[in-house]
Protein chains: 2
Amino acid sequence: MNMRRTTIKDVAEAARVGVATVSRVLSGGSASPETRERVLTVAAQLDYRPSALGRNLRQQRSGGIGLLLPDITDTFYARLADGVLACARSAGEPVILSTTGDDEEREAEAIGMLLEQGVDRVIAVPSGDAETWIPTLRAGLTTVFAHRIAAGRDDVPSVLADDRAGVRTAVDYLTGLGHRRIAYLGGPGQQQRLAAFRQALGDLVDEELIVLARGTRDSAYAAAAGLFQHRPDLTAVLAGGNLLGEAAVLAARELDLRVPKDLSLIMFDDVPWAELCSPPLTVISQPARDIGYRAAELVLRAGGRRPRGVSLPTELIVRGSCGPRGTSRSPR
Amino acid sequence: MNMRRTTIKDVAEAARVGVATVSRVLSGGSASPETRERVLTVAAQLDYRPSALGRNLRQQRSGGIGLLLPDITDTFYARLADGVLACARSAGEPVILSTTGDDEEREAEAIGMLLEQGVDRVIAVPSGDAETWIPTLRAGLTTVFAHRIAAGRDDVPSVLADDRAGVRTAVDYLTGLGHRRIAYLGGPGQQQRLAAFRQALGDLVDEELIVLARGTRDSAYAAAAGLFQHRPDLTAVLAGGNLLGEAAVLAARELDLRVPKDLSLIMFDDVPWAELCSPPLTVISQPARDIGYRAAELVLRAGGRRPRGVSLPTELIVRGSCGPRGTSRSPR
DNA sequence: AATCATGATGGAATCGTTTCCATGAACATG
DNA sequence: CATGTTCATGGAAACGATTCCATCATGATT
């Protein structure tokens, strides 16, 4: 059952030509029509598939795209991955997926593994800073950052959602409803978003209303619950990711805060369950899949001039989780 | 900037030994203590990483685990993938991910790609039947099915949730509440689950109350809405997956059916938003991550005797989406 | 002391492909 | 007819690792 796989040599013999000719025919080189046809026929008969192993070794590059994500169970990253996969599939390139858990060390490990595999193209939602990404530069592999960039590596092409505009729209919407004490629930690696929040809020910014969690559900819940208990005077909250939004809804329910009467909530990233929630969540939708797709396009089109960065629009989708500022909650 | 990567030859020269010795030292073979240390030191100094390309070609196998899933944006499969990734990471193996969209043809393509890459281990949630999986057998690669099996390939080891028991528990729970007209909303490739439903329901089974959708959101919604409109007499529904469950909630809301007063709902697979829903959804939870992890263990432990199939328990988590049978809804 | 066993070591073959280069044929141009 | 050009073709050299095998030194056994 375990017969040797058919190699280019087998094809060459069967077609009574040299291996060089077979290789040329199969990779579109020049050959006489009759030879070409004979080789093609034989190759099809033997069901020959060139081994990527041999080819990669020879050409010193393993096709393949490395994809580094913080967490595949986060639907945002899952959609991003889906975009990458779609593009890679149409290019016939395999995708090697690794998750980093937003941990620099794990990220460095994953990069090492990709390097070892000879992968020469990477798409990443970076967790580490410039230093983590030195090896990739030195190894000369094509890198594209998605969703966010590694601090101090502005030279790497990137595909980002327009956080700045998204945050501004959301904050404007909330202030327009009369809210003044607006909190921000952030996750790891979102300086961009946070900065935009501070800027959009201007004088109203209150550092105590800015809370950062780590990437886990527990951490997000703790951050949200802590915030709500500590500052009963806040009337609106902007959650910087779907995990944070989920935590906010849960924490609000636990503390008997009614949304949107007691608390207005806007969440970054539109997810299917936002509509199922009660009330349905007002969100800033991000084109996660497009981000992935565009990143893949960029990393595949390695040769040509690549634009510095692509920015994709966000959209405020108004549902039912925001209302006019009510009477401020009484401290308990 | 683009200097050649350091090879085993460089290390050999720098350590004044032969390449064979370096290889032996690095892969745990025998060597004298002083030589071993010298090689190790030099290798560390040069930051040498053995190229997987060379190794794989020589050994005729590319480490790597191929992972074939219908859809990575479905949180169930995402969690399964997460389990696979966790196990693979601890074994230092890369994971090549492909999605099939529940399409046989795409699955066959993906298999071809993996074969070409020299991948010799595959974990799959199969979409195709036995025929699709012939090439993998012929190529002699280690396969493990997860979540479901390919029709007619009982010989392949698998890791499954105990659907049978899950369905039975759910149906018993519903009948215990007095429900008699219980519908089943199914997805692609779940003969197992459907059969269990029929069996658990016994005499009560009504073929008109069994509806199958394809793997998309739209298809799921259409199936749910159609079912609810067509058969206003049904009082309970079992959704065979989180996409179906989502569709059921949406369709029920659209048709002004109150859950659980007018309609009791149980969903297969526990997802974070099930708790956020109102009412919170009663679900049959499946250990998605464990399924992935166990499958990876199985596929990595290729040599040893591998058990035919692993079955993991499911659990009925009662929340608020089921109630006693109310007065049957009046047809409109 | 001669032989044998053990263990460290390096040279060379190997994996399957691409690609460089030489060869030879066919043909055109002087 | 001689020379140059074009083109198809196949042999052989890479690529970077592992691994077989021969070699040599050392220590043990007869």
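So that the names make sense, note that chain A is the first sequence line, chain B the second, and so on, each numbered from 1. In this text the structure is predicted, and so the values were computed from the model without any measurement.
No side-chain heavy atom of B:D102 sits less than 4.5 Å from a side-chain heavy atom of B:R214. Taking the side chain as every heavy atom from C-beta outward, B:T6 and B:D47 never approach each other to under 4.5 Å.
In this entry the distance linking NZ of A:K9 with P of D:dG11 reads 11 Å, nearest Å. Taking atom CD1 of residue A:I8 and atom C1' of nucleotide D:dA12, one finds them 14 Å apart after rounding to whole Å. One atom, CZ of B:R5, and another, C1' of D:dC15, lie 12 Å apart when rounded to the nearest Å. One can place CZ of B:R24 at 10 Å from C1' of D:dC20, the figure rounded to the nearest angstrom. Following rounding to the nearest Å, A:R58 (CZ) and D:dC15 (P) show an atom-to-atom distance of 8 Å. Distance CG (B:D10) to C1' (D:dC15): 13 Å, rounded to an integer number of Å. One can place CG of B:L53 at 13 Å from P of D:dC15, the figure rounded to the nearest angstrom.
Within 4.0 Å of B:G18, counting heavy atoms only, lie sugar-phosphate atoms of the nucleic acid but no base atom. Within 4.0 Å of B:R61, counting heavy atoms only, lies no atom of the nucleic acid at all. Using a 4.0 Å heavy-atom distance criterion, B:S23 is classed as a base contact. Base contact: A:L57 has a heavy atom under 4.0 Å from a base atom.
The aromatic rings of B:H147 and B:F76 sit tilted relative to each other, their planes meeting at an angle between 30° and 60°.
Distance alone, capped at 3.5 Å, places no donor-acceptor pair between the A:R5 side chain and the B:G118 backbone.
Annotation for A:R148: atom CZ counts as buried by contact number, over 12 foreign heavy atoms lying within 6.0 Å. In the displayed structure, B:Q192 atom CD is contacted under 6.0 Å by at most 12 heavy atoms of other residues, nucleotides or ligands.
The only option from B:L97, B:V144, B:I123, B:I291 that meets the side-chain contact (heavy atoms from CB on, under 4.5 Å) definition with B:V84 turns out to be B:I123.
A salt bridge does not link B:R106 to B:E109: none of the charged side-chain nitrogens sits closer than 4.0 Å to a carboxylate oxygen.
If you walk DNA chain C from 5' to 3' and mark each nucleotide with an atom closer than 4.0 Å to a heavy atom of chain A, the marks span C:dG16 to C:dT19.
Taking a 4.0 Å limit (strictly below) on heavy-atom distances, residues 30-37 of chain B reaches DNA chain C at B:S30, B:A31, B:S32, B:T35.
Between B:A14 and B:V42 the shortest heavy-atom distance is CB-CG1, 3.5 Å.
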